[in-house]
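Residue numbers begin at 1 in each chain, while the letters A, B, ... track the order of the sequences.
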There are 2 protein chains.
Amino acid sequence: MTQLTPRHRLVRAAVEAFAEKGFHATTTRDIASRAGMSPAALYVHHPSKEGLLYELSRDGHLAALDVVRRAVDGSDVPAERLRRLVHDFTRWHAEHSLTGRIVQYELTALAPEHLAEVAGYRRDIEATAREVLEDGVARGAFSVDDVPGTALAVLSLGVDLVRWYLPDGPRTPESVADLYAALALRMVAA
Amino acid sequence: MTQLTPRHRLVRAAVEAFAEKGFHATTTRDIASRAGMSPAALYVHHPSKEGLLYELSRDGHLAALDVVRRAVDGSDVPAERLRRLVHDFTRWHAEHSLTGRIVQYELTALAPEHLAEVAGYRRDIEATAREVLEDGVARGAFSVDDVPGTALAVLSLGVDLVRWYLPDGPRTPESVADLYAALALRMVAA
DNA sequence: GTGCTGACTGAGCGCTTGCTTAGCATGCAA
DNA sequence: TTGCATGCTAAGCAAGCGCTCAGTCAGCAC
């Protein structure tokens with residue numbers, strides 16, 4: 001039995017509740033009771049319900065961005081860079097499908113200044129995908145008509161995963177990641 | 001200036017509000033005021049806020065299912081069937097991106113019996129995609145390792161569109177539909 | 001005119017929401 | 001022993017929620 005700080009118990013409870021029912025359908029009483037505390041305890045450790053969402057969303061976006069950056073920095077070969085990008089991006093969403101659902105679906109619940117911040121991380125992720133495709137096209141490894149559109153499409157595979165993926169389902173994160181990486185490579189094959 | 005029935009004005013207002021802020025963040029007062037009515041007027045034409053969502057979600061699912069069925073019935077050639085499936089599915093989501101967002105993102109807000117009904121339509125759409133792939137593989141037109149996984153992937157392109165597509169943006173429904181249909185064909189190329 | 005119907009509103013009910021406040025128990029330092 | 005910080009709770013406040021209800025009003029039949 002791992003020991004969790006009260007603060008972290010509340011974070012975990014919020015992840016479960018937000019992922020299951022969405023931010024607006026989740027009450028502070030629900031989060032607190034999942035963490036085994038009274039409603040008021042939430043405000044000892046977090047500034048507000050939206051502040052809790054912001055922390056989850058920001059950390060999730062930064063983790064996903066880090067995964068993407070490490071993936072494309074790990075190789076110089078265009079096909080290998082794209083394979084790792086889609087593979088690791090997809091695997092992260094499968095391994096953190098609850099957090100991923102919050103990252104992808106609860107943007108509109110963020111306060112404007114918090115939305116502006118995470119929108120920047122999202123642009124960085126999309127720009128990284130475009131850069132990998134452009135580089136591959138320039139070096140003759142890929143054949144792509146519409147680079148921005150194809151970049152959106154390869155990321156869509158990992159993003160849309162959080163809509164249907166079940167942690168205890170038949171597909172492992174690794175197997176979906178392998179499948180989607182292979183499909184992405186076919187999309188750009190020269 | 002087209003004449004709309006009061007009932008349809010409320011439906012349009014609900015589509016806009018639900019798509020913009022989500023079901024739980026939308027108030028009945030907001031829907032009514034967008035339709036130029038008092039809050040009580042909503043209940044003259046609709047049984048409840050959830051009933052309004054159900055009507056939108058059911059009609060949207062049935063329209064999407066109809067688009068998918070007509071697409072695959074329009075040809076006997078595997079590649080043409082898949083091309084039409086992804087093209088028309090994507091174009092429908094682009095042309096009806098507000099309704100599409102409600103169809104794809106507000107499932108959890110439906111009452112259990114309403115969710116069960118639309119889940120059936122969703123299964124029919126996914127089964128149609130699997131059938132097109134299986135038929136193409138059996139006839140030697142496609143090379144697909146994981147038919148269910150690839151079926152999910154080709155539908156994900158159209159589904160995820162509603163997350164970022166803007167009706168007044170640079171991409172027309174037809175251009176995104178063409179792009180995604182071409183990418184899907186590449187995914188299964190023998 | 002009279003009677004009726006359908007569309008609509010103003011007022012508001014009962015309830016839940018996010019969040020606050022006052023206060024209590026524990027543990028540590030001096 | 002005293003003083004204080006930390007972590008928490010019971011109680012509850014103000015606001016907003018979905019929804020209801022009594023009543024108004026225009027239009028139509030006769």
Side-chain angles (χ1 to χ4, degrees), chain A residues 1-58 102 105-115, chain B residues 1-58 102 105-115:
Chain A
M1 185 102 78
T2 44
Q3 278 294 75
L4 289 176
T5 64
R7 184 185 153 80
H8 195 81
R9 272 195 291 146
L10 284 162
V11 168
R12 292 248 298 224
V15 168
E16 286 174 22
F18 291 161
E20 190 178 300
K21 323 198 287 183
F23 176 81
H24 284 109
T26 298
T27 66
T28 54
R29 286 161 177 81
D30 183 17
I31 298 168
S33 76
R34 282 179 196 246
M37 300 176 190
S38 78
L42 192 150
Y43 295 89
V44 174
H45 301 283
H46 298 279
S48 68
K49 183 186 162 192
E50 192 275 338
L52 197 52
L53 173 68
Y54 165 60
E55 183 178 322
L56 298 179
S57 188
R58 183 201 56 206
I102 296 164
Y105 291 167
E106 300 299 336
L107 288 175
T108 57
L110 289 167
E113 67 273 23
H114 295 157
L115 174 60
Chain B
M1 185 102 77
T2 43
Q3 277 293 75
L4 289 175
T5 65
R7 185 185 155 80
H8 196 81
R9 272 195 292 147
L10 284 162
V11 168
R12 291 250 298 223
V15 168
E16 287 174 21
F18 291 161
E20 190 179 301
K21 323 198 288 185
F23 176 81
H24 285 109
T26 298
T27 67
T28 54
R29 286 162 177 83
D30 183 18
I31 297 168
S33 77
R34 282 179 196 245
M37 300 177 189
S38 77
L42 192 149
Y43 296 88
V44 173
H45 302 282
H46 299 279
S48 66
K49 183 185 162 193
E50 192 276 337
L52 196 42
L53 173 67
Y54 164 61
E55 183 177 324
L56 297 180
S57 188
R58 182 201 57 206
I102 296 164
Y105 291 168
E106 300 299 336
L107 289 176
T108 59
L110 289 167
E113 68 273 21
H114 294 156
L115 174 58

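- Contacts between chain B and DNA chain C, taken as any atom within less than 4.0 angstrom of a protein heavy atom, begin and end at C:dC8 to C:dG12.
- Under a 4.0 Å N-O distance rule, the pair A:E55/A:R7 qualifies as a salt bridge.
- Distance CZ/A:R29 to CD1/A:I31: 11.5 Å, rounded to 0.5 Å.
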> Between A:R34 and A:E20, is a salt bridge (Lys or Arg N to Asp or Glu O under 4.0 Å) present by the stated rule, with each step listed?
Replying inline: CA-CA 13 Å; A:R34 282 179 196 246; A:E20 190 178 300; 3.4 Å; yes
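- Applying a 4.0 Å cut-off to non-hydrogen atoms, the residues of residues 6-20 of chain B that approach DNA chain C are B:P6, B:R9, listed by residue number.
- Of the inter-residue distances, the one linking B:L107 atom CG with B:F23 atom CZ reads 12.5 Å to the nearest 0.5 angstrom.
- Ring planes of A:Y54 and A:H114: parallel class, angle under 30° (limits at 30 and 60°).
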>> At under 4.0 Å between heavy atoms, how does the protein contact nucleotides 15-22 of chain D? Give one character per nucleotide, 5' to 3', with B, S or -.
In response: --SBBBB-
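- Residues forming a ring-ring contact (aromatic ring centres under 6.0 Å, His included) with A:H45 (at least two apart in sequence, or on another chain): none.
- Taking A:E50 as the reference, nothing meets the salt bridge (Lys or Arg N to Asp or Glu O under 4.0 Å) condition, with sequence neighbours excluded.
- Shown here for A:Y43 and A:S48, the closest heavy-atom pair between the two residues is CE2-CA, 3.9 Å.
- Distance alone, capped at 3.5 Å, places no donor-acceptor pair between the B:K49 side chain and the B:L42 backbone.
- Residues B:D30 and B:A17 approach most closely at OD2-CB, 4.0 Å, considering heavy atoms.
- For B:R12, the CZ atom is loosely surrounded, since the number of other residues' heavy atoms within 6.0 Å does not exceed 12.
- Atoms CG and CG, on B:L53 and B:L110 in that order, are 4.5 Å from each other to the nearest 0.5 Å.
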> When every nucleotide of nucleotides 23-28 of chain D is labelled 5' to 3' by its protein contacts under 4.0 Å (heavy atoms), B for base, S for sugar-phosphate only, - for none, what sequence of letters results?
Replying inline: ------
